[in-house]
> 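Quick one: this structure, given as structure tokens, is what I'll be asking you about.
Index from 1, following the sequence.
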Amino acid sequence: MKNRLYKYYPEDFGELTVDVLHMDLVFDVYDDRTNVKSVLRVRTKDAPIEKLELNCRDLEIRAVSCIQYEVSYRYRKDDAILEINFREEIPPHTEVAVITDTVCRPTKNILEGLYYDETPAGAPPQQITQCQQWGFQRIVPCIDDMAAKCTYRTTIIADSQYTNLITNGDVVVERHTVKPGRDKIVYDNSITPMATYLFFLGAGTYATFKREFEYPDGGTFMLELLVPPNSDAAAAEKALDILHDAVMWVYLFTGPEQFDEEKLSVRKELWELVRMREKTKLEAKPESTQEDLQKVRDRLAELNKTINSGYRYTGTVYREIGMQNSDFGGMENVGNTTITTNRIMPFPQMTDPAYEYMIRVKVHEYHHNQNGSEVTGKSPFEIWLNEAVTVHVEEQHHAFLFGEDYSRLGRVLELLAPASGTFALDSGAASMPIIPDGFNDPNDLITAVTYVKAPEYVRMVEFLIGKDTFVRGLDRYFKRFKHSNATTQDWIEAMEEESGQPLKEMAETWLKQTKYPVVEVSAEYDRAARKFTFFLKQKYPDGGKPWEFPFKAALVDENGNDLVEILERVSGENSEIVIENVDMPAFLSLNRGYSFYGKLVYKASHDELLIQVRKDSDTIGRFTAFYTLVDREKLRLLKNPESKPSEDFIELYYRLLNDRQLLEKAGGQFLTIFESVEDEEFAHRYQALYEVRQKLLKAVAWKYKNSVISAYRFFESASTPRDSTPEETARIIKNRQAKNVCLGILAALDTPDIHVMIKQQFETATCATDRLSAFAAYLNSSAPDKIEVLRAFEAESKKNLVAWEAFLSVIGSNSSIDAVELVREMERSDAFRIEQTNDQRALYGSFARNRKKSLQTEEGRALFAEILRKLAPVNEYSTVNMLNAFANIDQMESKYHIPLVKILADLLGELDAQKYPSVYNRIRKLLLGAPKAVKTYGIAHGEIPELKPGNPERK
């Protein structure tokens, strides 16, 4: 095999030799194996065939035959191919049915195909599938390709003790006993032809909660929630409420006319009437209530006729299934969405970020019924398309509940975050384009580039062609490719046709080029001519091309009033934007709403930034001005470690903390101070950055301690809920963020009175977020009893998987002097299970991102190396994500070059490239992206054999 950076390239995905029509499947499920009988119906295309190759990974082959022709077969196990040879040539346009009898055997750590999930006490083994992207071939021989969309009829036979036997489609033969201890059920999935990666099978023991979903016109289907036995009924009902609202929101507030202002009031009235109807349905039903209910239904039906709605579900049941162990937070499976159990319903132990994730994942996976299931990308290189448009809709739903300012600022913070942010990933050695040159495993494509950068590209297209045009273009795309496959080009052409604007060249750059534009802005004002001119110069990768993007900006006066706002399409390395007949602005509001994915460099004066933070009507503009001021302050302190925080900064932070109107819109997240700076010389001095952040917070606390305590009390009071609506929950979350920002400021003092305050919040907290925030602050303090508190909280957290995950995350990210030893202690705990992805992500993932400990201490590096060595054979996906911590070795201080390269080089020398291609090739990519550090390592230890040109991959 030639030495390639990736295992799969676009040329590996050609046209299928046959059309896949239907699969009849019988799964006979036992504790240690599942016997699978399959009848696969295919039809030849324009050319005859002599053989058919089926994907077939780690299966036991019992028998292979064909109804119409004699066959022989060969199982090429190393290639994961079942080769079926026909005794005679099959003519074009001829249907054949291939019959296979095979056995698959589930495991605990290969979270693909059929695998064991968390089994409830006393129940038979919990077994579920994960087929994205090539898990189906671990269950049954098949053409495991996104273009192999077909219908299914699936029979499940399994232990009668299982409460649920589930797969895609509608039940056509009800569950019944076929012999003592064995039950049978049959499903038909024929409405939505389905790609193999969307197949789901589950044999499990669950508590099932149900709720009828009723459209405004009276059409109904059933919502089901499958969660662990003995789950709290109130939490389950709340989860169904949230799902119900998500499904209704998609119907009412998406679609080709969703931005029609004349119909917006109608949609809002429908939304409120639906709430009224659902409330009435839950109440007692005297005759008068029925009359009221009918009036509401009549009005709903009447209004419904006047709108052009969004996606409408086509099945009889839409089911969410809790999966405790999965590489993913959620997975759409045509009518059977799996969601990580810790995020499927609002547990008391759930933190606010986890609650927001729950809101997002429910609408995200549901919308995949349209974008991904009905219309499916053609190959794994279109995964971005399945996901980016769906995330775009998810963002709209989140903004509907939490407000546009809060939602958009959350995304901006995700872009800017130093350790795990999208810009950090996209600029490091591990960076991949939205459509990469190749990949080692489809899971490599499940990254922030796919889920953040790609949706930002979609948002830029929306910016340029307009919201109305964008949703009409989407509608055109969905209708044209319904029940079929689509390419990236198909999506772009639909948008071009609807808008009349050229988009192909823009797409080529954004989809195939790594990194992002860094745009330098300068400006001049001609007083005599009253003319203002912007000068834009963008930096782009060597050998690359300039990006095209929307640039939204405003000239603003001293009172915060916009003198003029512009939206321009920028292309080329240099651009000039002229605005005529305008007064001299007090400040510039640039990249409003974060209109383009990239960074902007503008040398605004200190005074300009101060007035912008106070006066800009654009919340993102206010934040980016604040971010710049904080960045300058941190850089000043880094360059002069003996200097103190400026009075200007302390005063600004205090004033923002007391800007109730701002925090009501944007939440406490507006006050985020990252452990980072933009200056590359200091950007990777992680311990120093942590200390500078603490110095800033401590300075605010010293000067305004009593005022910060007063603000803390205010937000504490404002965090009391008035009702249980999603909108009220959003308000509470914003206030709770601000409250815990206050706690973090005070915690920087690290004094006995503040220890008492933190401990009081920890002991009296009524929600997980307040408790975890206090625990993290206490753990990083010098409080003498913090280890006792830790031990008690550890013992309590072990009793609940949701709480245990949150607890481990705090341990992995803690900044105390004994941080590394605490991580070691937790991985030795009887409650920690390395095969569980929640445990991996929470403890190991947070420690990997805690780079001041994991990369820049000797004991941290030793632990990190051990973690990677242990985890690679257990879970490649988690390991690859943790390796991203090494993405900037060359930019770090030279003293770290040799020890960090050594970790990767040693691991590379131990790994089998064929067994662990994703980990192996990610390490190679990281090392190739750090030539300076690798050269230094080579002088001391010799050349790394695996990096030599032409070196064959070891088997």
Side-chain angles (χ1 to χ4, degrees), residues 5-6 8-10 13 132-133 146 364 368 371-372 375-395 411 414-415 420-464 470 473-474 477 485-496 503-518 538 540-541 543-550 571 594-599 880-881 884 887 918 922 925 929:
L5 193 57
Y6 303 108
Y8 301 101
Y9 290 84
F13 299 89
Q132 178 159 323
Q133 280 288 317
M146 291 171 73
H364 179 103
H368 268 314
N371 185 56
V375 180
T376 308
K378 195 167 184 179
S379 81
F381 291 95
E382 267 81 32
I383 286 177
W384 83 268
L385 184 55
N386 285 2
E387 297 303 334
V389 172
T390 301
V391 170
H392 186 74
V393 173
E394 169 202 318
E395 288 287 311
R411 171 49 58 88
E414 196 172 356
L415 296 176
S420 57
T422 316
F423 288 149
L425 174 66
D426 200 16
S427 59
S431 178
M432 294 176 75
I434 293 173
I435 301 180
D437 295 332
F439 60 89
N440 301 301
D441 185 278
N443 286 0
D444 296 352
L445 307 175
I446 310 301
T447 70
V449 169
T450 300
Y451 284 83
V452 181
K453 183 179 182 179
E456 287 296 296
Y457 158 69
V458 169
R459 188 174 186 272
M460 287 188 287
V461 171
E462 181 193 61
F463 246 113
L464 289 173
F470 179 82
L474 268 189
Y477 168 76
N485 295 87
T487 65
T488 295
Q489 192 69 14
D490 292 329
W491 185 82
I492 293 164
E493 286 176 0
M495 290 299 171
E496 283 187 327
L503 298 171
K504 288 187 178 69
E505 191 172 340
M506 174 189 178
E508 178 66 22
T509 309
W510 279 105
L511 299 177
K512 296 297 293 182
Q513 192 162 279
T514 58
K515 303 186 178 179
Y516 46 83
V518 177
Q538 62 164 303
Y540 51 92
K545 297 193 301 183
W547 282 274
E548 286 187 54
F549 55 86
S571 61
Y594 230 89
S595 58
F596 73 89
Y597 173 89
K599 291 189 176 182
V880 165
N881 283 332
N884 289 336
S918 293
R922 177 54 59 89
K925 186 172 185 178

> Ring centres of Phe463 and Phe470 under 6.0 Å apart?
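No, the ring centres sit 6.0 Å or more apart.
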> Would a distance-only check, ignoring hydrogens and angles, find a side-chain to backbone donor-acceptor pair under 3.5 Å from Tyr594 to Gly598?
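Side chain of Tyr594 to backbone of Gly598, a donor-acceptor pair under 3.5 Å: yes, one is there.
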> Has Trp510 got a side-chain atom pairing as donor or acceptor with Glu548's backbone, closer than 3.5 angstrom?
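Judged by distance alone, yes, a pair lies under 3.5 Å.
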> Under 3.5 Å, is there a donor-acceptor pair between the Ser431 and Asp426 side chains?
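The answer is yes; a qualifying pair exists.
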> Centres of the Phe439 and Phe381 rings: under 6.0 Å?
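Ring centroids of Phe439 and Phe381 are less than 6.0 Å from each other.
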> Mind listing the closest non-hydrogen atom pair of Val375 and Ala486 along with its distance?
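What the structure gives for the nearest pair is CG1-CB, 4.1 Å.
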> Can you sort out the partners of Glu508 under side chain to side chain donor-acceptor pair (under 3.5 Å), two or more places apart, ordered by chain and number?
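Glu508 satisfies side chain to side chain donor-acceptor pair (under 3.5 Å) with no other residue.
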> Starting at OG1 of Thr514, measure out to CD1 of Ile434 and round the result to the nearest 0.5 Å.
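Taking OG1 in Thr514 and CD1 in Ile434, the distance rounds to 11.0 Å.
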> I need the minimum non-hydrogen distance between Asn371 and Asn386, along with the two atoms involved.
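Smallest heavy-atom distance, with atoms named: ND2-O, 2.8 Å.
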> Do you know the tightest heavy-atom contact between Arg459 and Ser595?
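The answer is NH1-CA, 4.3 Å.
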> Output yes when a side-chain donor or acceptor of Asn884 lies under 3.5 Å from a complementary backbone atom of Leu425, and no otherwise.
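Side chain of Asn884 to backbone of Leu425, a donor-acceptor pair under 3.5 Å: no, none is there.
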> Would you mind telling me which of Lys599, Glu456, Gln538 makes a side chain to side chain contact (heavy atoms under 4.5 Å, CB included) with Tyr516?
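Of all the options given, the one that passes is Lys599.
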> Taking Lys453 for the side chain and Lys515 for the main chain, is one N or O donor matched with an acceptor at less than 3.5 Å?
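Checking the backbone N and O of Lys515 against the side chain of Lys453, a donor-acceptor pair under 3.5 Å is found.
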> Given 3.5 Å as the limit, does a donor-acceptor pair link the side chain of Ser427 with the main chain of Phe423, or not?
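Here the side-chain-to-backbone pair exists.
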> Donor-acceptor pair, distance only, cut-off 3.5 Å: does the side chain of Lys512 make one with the backbone of Ile435?
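Yes: the side chain of Lys512 pairs with the backbone of Ile435.
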> Determine yes or no for a side-chain-to-main-chain donor-acceptor pair under 3.5 angstrom, with Glu382 supplying the side chain and Ser379 the backbone.
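Checking the backbone N and O of Ser379 against the side chain of Glu382, a donor-acceptor pair under 3.5 Å is found.
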> Taking all heavy atoms of Val391 and all of His364, pick out the closest pair and write down the distance.
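Closest approach of Val391 to His364: CG2-CE1, 3.5 Å.
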> To check you understand the geometry: which heavy-atom pair defines the closest contact between Glu462 and His392, and what is its length?
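Looks like OE2-NE2, 3.1 Å.
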> Specify the closest pair of heavy atoms between Ala388 and Val458, including all atoms of both residues, with the distance to one decimal.
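Ala388 and Val458 have their closest heavy atoms at CB-CG2, 3.8 Å.
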> Does a donor on one side chain sit under 3.5 Å from an acceptor on the other, for Tyr6 and Asp444?
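Tyr6 vs Asp444: no donor-acceptor pair found between side chains.
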> Taking side chain to side chain donor-acceptor pair (under 3.5 Å) as the test, write out the residues that go with Trp384, two or more places apart.
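Trp384 satisfies side chain to side chain donor-acceptor pair (under 3.5 Å) with Thr488 only.
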> Would you say the side chains of Glu387 and Thr390 form a donor-acceptor pair under 3.5 Å?
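Their side chains do not contain a donor-acceptor pair, so the 3.5 Å distance test is not met.
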> Side chain to side chain donor-acceptor pair (under 3.5 Å) with Glu414: which residues, sequence neighbours excluded?
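Applying side chain to side chain donor-acceptor pair (under 3.5 Å) to Glu414 gives Arg411.
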> If we ignore hydrogens and angles and just use 3.5 Å, is the side chain of Gln513 paired with the main-chain N or O of Pro541 as donor and acceptor?
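A pair under 3.5 Å: no.
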